[in-house]
Amino acid sequence: VTEATSQYDGNLNISENITKKEDDNKILYVANQSGYVNTDNGVYDIKDNMEIESVNFKSTGSIETDINSNVTINIKESDALKDAIGPGMSVETSELNIEGNIGSGATVKTKKLVVKGQTHKTSKLESEFANIAVHRGEVSGREIEIERLEGGVVFGDIVRIKSAIGGEVVAKEIYIDELTSNTTLRANSLIDIKQVKGSNNKLCIDPSSTHVYHQKIEKINEEIKKTKIELVPIPKLLEGRKRLIDNNRTIIEEIKNRISDLKKSGKHPPVSLINKIKDYQKIVNEYNESLKDFKNKKHQLASLNENLLSVQNQIFSAKIINRGIWKEFNELKFKLISPSLEVIYNTKDNEIIREVTLVHTGDNQFEIKKSSEYSAS
C-alpha cells in the first residue's frame, strides 16, 4: 500500500479562545466565546471587535451575531458615493459603528448604533441607543440622537434632533434644536423646540402615541368592548329568571307545606314534589350567580374605564415648548382618548408662546392654555 497523501494539515495554531476536539473521524475547532474568526501570523482566534471596509453582497454578505454577545463591528467605508452597508444587506450585532452610508432596503439591529453618513429612505434600523448624522429611513429605539432628519421616521422613548427638515417622530419626549417645515411630531408627554424656522409642522400630544401606551390602551379598549358585549344579555336573563321565581313562589311554598305535612304524618313525600323544589332552587341559584356575575362585570367595566382615564390624564401634564418665536400655520394638537376628541390651535407669525398645555374646563370641555412663561416643573 502506497503512503497516503496528506492534503490538509489538521494541526492549526489556535488561541485560548478556541477549543480543539478530536476523534477517529474528525477534528472540531469550537469557539469558546461569541465573535469572529480572525487569523494573525498563522494563529486562529475569536475576537469581539471586527473592522471591515463594507458590507455588501460580493464581499461579506449579511452579518448576524447574537445581539447580546458584546461584539463590535466597525465599517470603515466613508465615501459619500458608496454604501458602507449595501442594498438589501442586514447586520445584527451588539455594537455597530458605520463611517458612511446605509443603502436601500438594508436592515440593522443592534444595542448601540453610530451612523456618520446617511440612511436610505427604505432602510430600517433598530437599536436601543442610536446616533445618526443624516436620517431618511426608519429607526426605532430607546434613546435616539439625529443630526439632521430629512423625511425619515423615528420611533423612540427619548429623541433628540438638531435639525428637522420633514419627517415623522413618535416618542415619549422629543427635543429639537431647529424645526423647519413639513415635520410631524407626536409625543406622549413633551415636545421641546429651541427654534421654529418654518411652517406646516404638526405637533401633537397623544397619550397613545408610543408603542407601549398604544398597546396598553388597545388592550384596555378591547377588554371594555368584550365586557360590554358580555353584559348585554344578562339583564334580560335576570328579568326572565326573576319573573319565573316570583310566579312560582306561591306554588313552591304550598309544595313545601305539603311535604312538611306528609313528613309529620310519617309518610314519604312523592319524588315529583321533591324534584319541583330542587328545580326551583336551581333557578334561584342560577339567578343569584347571574346577578353576582352582572355586578362583577359592572365593577370590572368601571375599573377599566378608570384605568383608561388614568392613562389619558397624563395629557394634562404634557407640554409643547417653544423657546423661540412661532411661525404661522403650525398646528398644535392635543388628542384625547375618551371622549375621542382633538383640541387644535394654529400658530400665528411671530407669536410668543413658551408653553402650550391642555386644561379640562368642564364636562367633556377642554381648551388649550397658552403661556408666555415656562412653568416650574
Side-chain angles (χ1 to χ4, degrees), residues 31 33-39 46-157 159-171 182-184 186 210-211 214:
Q33 64 183 35
S34 295
Y36 299 93
V37 178
N38 181 73
T39 57
I46 303 296
K47 290 192 174 182
D48 59 6
N49 194 304
M50 179 181 181
E51 286 196 358
I52 54 178
E53 285 298 323
S54 63
V55 174
N56 55 58
F57 182 76
K58 289 183 179 180
S59 62
T60 62
S62 295
I63 299 174
E64 294 183 9
T65 67
D66 184 356
I67 200 169
N68 298 311
S69 62
N70 296 321
V71 172
T72 300
I73 300 176
N74 301 310
I75 303 177
K76 298 187 292 181
E77 178 60 75
S78 59
D79 190 333
L81 300 177
K82 297 179 181 179
D83 292 328
I85 298 181
M89 292 294 99
S90 65
V91 178
E92 183 174 337
T93 187
S94 178
E95 186 174 336
L96 181 61
N97 300 308
I98 305 169
E99 291 292 329
N101 305 327
I102 296 180
S104 62
T107 59
V108 170
K109 186 176 182 180
T110 68
K111 280 188 173 181
K112 185 176 179 182
L113 172 66
V114 175
V115 182
K116 294 183 179 180
Q118 65 186 21
T119 63
H120 192 274
K121 64 180 180 180
T122 59
S123 63
K124 289 190 177 182
L125 319 176
E126 183 181 337
S127 182
E128 287 187 32
F129 303 93
N131 190 308
I132 303 170
V134 180
H135 182 57
R136 295 172 178 167
E138 180 183 307
V139 61
S140 60
R142 197 162 71 190
E143 293 186 24
I144 300 171
E145 293 186 6
I146 297 172
E147 288 282 331
R148 190 165 75 249
L149 177 67
E150 294 185 357
V153 180
V154 184
F155 300 98
D157 288 347
V159 176
R160 302 179 189 275
I161 300 171
K162 288 191 176 179
S163 177
I165 311 169
E168 181 180 1
V169 182
V170 181
N182 305 312
T183 305
T184 299
R186 289 196 293 129
T210 57
H211 182 65
H214 181 73

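We number each residue from 1, following the sequence as shown. Quick caveat, the model's predicted, so the values are computed rather than measured.
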Apply the salt bridge (charged side-chain N to carboxylate O under 4.0 Å, His left out) test between E53 and each candidate in K58, K82, K76; give the one that qualifies.
->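 So, applying the salt bridge (charged side-chain N to carboxylate O under 4.0 Å, His left out) to E53 and each of K58, K82, K76, only K76 qualifies.
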Mind running side-chain contact (heavy atoms from CB on, under 4.5 Å) on I98 and V91 for me, showing each step along the way?
-> CA-CA 11 Å; I98 305 169; V91 178; over 6 Å; no
Before giving the answer on side-chain contact (heavy atoms from CB on, under 4.5 Å), spell out for I132 and L125 the whole-Å C-alpha distance, their side-chain angles and the decisive distance to 0.1 Å.
-> CA-CA 10 Å; I132 303 170; L125 319 176; 3.8 Å; yes
Taking all atoms of both residues into account, what is the closest heavy-atom pair of [X] and [Y], and its distance?
{"X": "T119", "Y": "G137", "value": "OG1-N, 3.2 Å"}
{"X": "M89", "Y": "F57", "value": "SD-N, 3.7 Å"}
{"X": "S54", "Y": "S59", "value": "O-OG, 3.8 Å"}
{"X": "I52", "Y": "M50", "value": "CG2-CE, 3.3 Å"}
{"X": "A106", "Y": "G86", "value": "CB-O, 3.8 Å"}
{"X": "I102", "Y": "S123", "value": "CG2-CB, 3.9 Å"}

Is a side-chain donor or acceptor of [X] paired with a backbone partner of [Y] at a separation under 3.5 angstrom?
{"X": "N56", "Y": "P87", "value": "no"}
{"X": "T93", "Y": "T72", "value": "no"}
{"X": "N101", "Y": "D83", "value": "no"}
{"X": "E64", "Y": "S90", "value": "no"}
{"X": "H135", "Y": "V153", "value": "yes"}

Hey, are K116 and N97 close enough side-chain-wise for a donor-acceptor pair under 3.5 Å?
->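 Side chains of N97 and K116: no pair found under 3.5 Å.
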Are T110 and S127 close enough that a side-chain donor and a side-chain acceptor fall under 3.5 Å?
-> yes
Hey, is R186 close enough to E168 for a salt bridge, meaning N to O under 4.0 Å?
-> yes
E150 and V134: CA distance, side-chain angles, deciding distance, side-chain contact (heavy atoms from CB on, under 4.5 Å) verdict | CA-CA 7 Å; E150 294 185 357; V134 180; 3.8 Å; yes
Separation of [Y] [atom2] from [X] [atom1] (nearest 0.5 Å):
{"X": "E95", "Y": "K112", "atom1": "CD", "atom2": "NZ", "result": "5.0 Å"}
{"X": "Q33", "Y": "D66", "atom1": "CD", "atom2": "CG", "result": "13.0 Å"}
{"X": "I161", "Y": "E147", "atom1": "CD1", "atom2": "CD", "result": "11.0 Å"}
{"X": "N70", "Y": "N49", "atom1": "CG", "atom2": "CG", "result": "11.5 Å"}
{"X": "R136", "Y": "H120", "atom1": "CZ", "atom2": "NE2", "result": "8.5 Å"}
{"X": "I73", "Y": "L113", "atom1": "CD1", "atom2": "CG", "result": "11.0 Å"}

Please report the C-alpha distance between E143 and R160 in whole Å, then the side-chain angles of each, then the deciding distance to 0.1 Å, and finally whether the salt bridge (Lys or Arg N to Asp or Glu O under 4.0 Å) criterion is met.
-> CA-CA 8 Å; E143 293 186 24; R160 302 179 189 275; over 6 Å; no
Side chain to side chain contact (heavy atoms under 4.5 Å, CB included), paired with L96, selected from N74, V55, V108 |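 So, applying the side chain to side chain contact (heavy atoms under 4.5 Å, CB included) to L96 and each of N74, V55, V108, only V108 qualifies.
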For residues V37 and I46, determine if any side-chain heavy atom of one lies less than 4.5 Å from a side-chain heavy atom of the other.
->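 Of all side-chain heavy-atom pairs linking I46 with V37, at least one is under 4.5 Å.
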Could you walk me through whether K111 and N68 pass side chain to side chain donor-acceptor pair (under 3.5 Å), step by step?
-> CA-CA 8 Å; K111 280 188 173 181; N68 298 311; 3.0 Å; yes
